[in-house]
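Notes to accompany the following structure.
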Amino acid sequence: MKTLTILFLATLLISCSQPETIYLDELDLSSMTSGWGTPQINKSITNGPLLINGEEYKRGIGTHATSTFLIDLQGNALEFSARFGVDDASVENGSIKFYLIGDREIIWESDVMRKGSDARDCLVSLKGINKLGLLVADADDGIAYDHANWVNAKVTYKNSVPKPVEEVIEEAVILTPPPPDKPRINGPSLTGVRHGSPFLHRIPATGIRPMKFDVQNLPEGISLDAESGILSGIAPAKGDYVVKLQAINEKGSDEKDFTIRVGSNLALTPHMGWNSWYIHYDRVSDAIMREAADQMIATGMADYGYQYVNIDDCWMVKVSSDDPEIGGPLRSKDDKLLTNKRFPNMNTMTNYIHKKGLKAGTYISPGPNTCAGYVGSYEHEALDAKTFADWGFDFLKYDWCSYGRVEPPKSREDYIAPYTLMWGELGKQKRDIVLNLCQYGMDQVWEWGGNVGNSWRTTGDLGLAGGSGMPGFYNIGRSNADHWEYAKPGNWNDPDYILIGWVGSAIKMGEGVKTDLSPNEQYFYMSMWSLMAAPLIFSGDMAKLDPFTLNVLCNHEVIGVNQDVLGKQGEIIREEGDQMIMVKDLADGSKAVGLFHVTGSATDPLDHFDWGDRKSNKMTISWEEISMSGFLRVRDLWRQKDLGEFEDGITLEVPYHGVQMIRISDE
Ligand code: GLA
């Protein structure tokens, strides 16, 4: 009886408990996403006051679109109320939409809001809802950096305090088996060089060191350093020189045929290396470049074929800067480019890189200024090309930036002109310099880039790409995939860098943070780039390469697909629901296939949140779809494991936002 009374009183107490209120800014907001950057409490995303059409608010959250936040209400909330709008510091044409999603259903959505619209109010019942998603989407105008404010936003509830839904952290499983102790020669089986140019090639080989190298049938003019495996010299007369590379250590040996093709074409397989931009931005220096070269060797990346160590923007003098380190005269009296103080001597730097058997790359714009405001090559192209060759560079990224301001393009010829000019000047040098066009895909660059360069960016900057259902890299890669027919040896579609490991926010040119891509998304990224025969240029922190990141970057069978000498870009053969399949023909008649789990149209608000139902899918590929038949051998490339022989096709389980990358052959 006594217990019953207590129970009754307790129930009465609970049911009579008064509703309480919690403001959005009182919750732990660490799982709230905000396009680029971190959501700001009681400030706009740019750190200014929260201002909506001239009215200032003391309390609220400033974010970018796209922004998401998932709150666990445990069915105990009563209502959500807030004012919302576009912050006055937003870009002119930005537009956004605010959504509330309760347990996978849109329970409220705003009109399209623009800068200058009055703030609006919302009051929404949350009765019976377990999980509430707050979403700010970009209203499908593609402008994903609008500034959004939720002000005076609060939830009323009874009994249990709303709290953020904890993120499910996917386990980072290393799929790439460690390399065997005995030597294994990796990398492409072909390289291109012009007659009379300096030749440099470090034989990429895994296995325990010390290792000895031998090369048979080396043409005259090229010699081998047997300890380091570095081939160097001057390229002989035109022709194909098929040499036999050999690597020996205490555990065994390996051999591989390798063709040195002396002709007019460079970059016969996609470039592999590292670029400074997404981690060092305008902080790049000579010391950083040397460290990257050291790390390329120390981490073993070079043993898989990574070889270019490329500076991006910000090595020159900054126009109109009074910072003594980066400002000053732009060119010498005889018009030669000057470096800023962080690069005391380009020759000693490139020597340092070359001594390790690696190659050095640089960057400039055809316009008067680079994108970051440093001096460009405009009207100095011939001299600059010679300077790059004299300094010992092997690669140039030529970034449009300010060029359109001084030479506004009216025709295709105008788009091509600056590249024709630099391509011609580089061709005159006694050094091979690979040319990478960076003009973000303007005027269908894939249709003509191959006449004036070795590779061309097909899109805007990957580091700035927004993503919702899928991360930004996918949108870039997906757009690059459309141009598969234009890729061939010497000419590559470039969807920009591999941004994994530690990478700095591009919009703020910030310090590095660990990638927020899930492990499966990283396998997806590397597989897609490999199948697309895209340049494999990592642009994260070389000094912070952890085992997982290295396992993604350094799987010789995955890289082998990328570096295959046929030089075909994979083609998407299926795109249905949550499935995407890409197929790449390989030189030996086999096919590499990527079965990708994709989700989320960028426009479906529900796909922004993890409702606890993110699952793998089963995907089937039939031999008919890839124009093959009979019993075919299937190999899992990430795990480097034969799966067996299959007739008609194969069905595989593909993890959420992940991939199965296989090779299918009939022998
Ligand atoms: C542009 C390019 C980037 C990078 C920066 C440097 O945005 O697309 O890859 O080179 O310039 O300023």
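Remember, it's 1-based here, ligands and their atoms both numbered in the order they're listed. Counting from 1, the numbers follow the sequence of the chain as shown.
- The closest heavy-atom contact to atom 7 (O) of ligand 1, among the options Thr370, Asn436, Asp461, comes from Asp461.
- In summary, the aromatic rings of Phe524 and His657 are positioned with their centroids too far apart to meet the 6.0 Å limit.
- Residue-level proximity to ligand 1 for Cys314 is absent, since no heavy atom of it falls below 4.0 angstrom.
- At least one heavy atom of Tyr363 lies less than 4.0 angstrom from ligand 1.
- For the pair Lys584 and Glu571, the salt-bridge criterion is not met [side-chain N within less than 4.0 Å of a carboxylate O].
- The environment of Lys97 atom NZ is dense: over 12 non-hydrogen atoms of other residues, nucleotides or ligands sit within 6.0 angstrom.
- If you look at Tyr523 and Trp638, their ring centroids are closer than 6.0 Å.
- Looking at ligand 1, you'll find an N or O of Asp312 within less than 3.5 Å of one of its N or O atoms.
- Of all atoms in ligand 1, listed by their number and element, those nearer than 4.0 Å to a heavy atom of Asp313 are 6 (C), 12 (O).
- For Asp88 and Lys115, the salt-bridge test fails: no basic side-chain N is under 4.0 Å from an acidic carboxylate O.
- The pair Arg342-Asp286 does not meet the salt-bridge criterion, since no charged nitrogen lies less than 4.0 angstrom from a carboxylate oxygen.
- In summary, Asp394 and Arg431 engage in a salt bridge, as defined by a charged side-chain N under 4.0 Å from a carboxylate O.
- For the pair Asp399 and ligand 1, a heavy-atom separation below 4.0 Å is found.
- For ligand 1, the atoms sitting less than 4.0 Å from at least one non-hydrogen atom of Cys438 are 2 (C), 8 (O), numbered in the order shown with element in parentheses.
- For ligand 1, the atoms lying closer than 4.0 Å to a non-hydrogen atom of Lys397 are 3 (C), 4 (C), 9 (O), 10 (O).
- Proximity of Tyr440 to ligand 1 is established by a heavy-atom distance of less than 4.0 Å.
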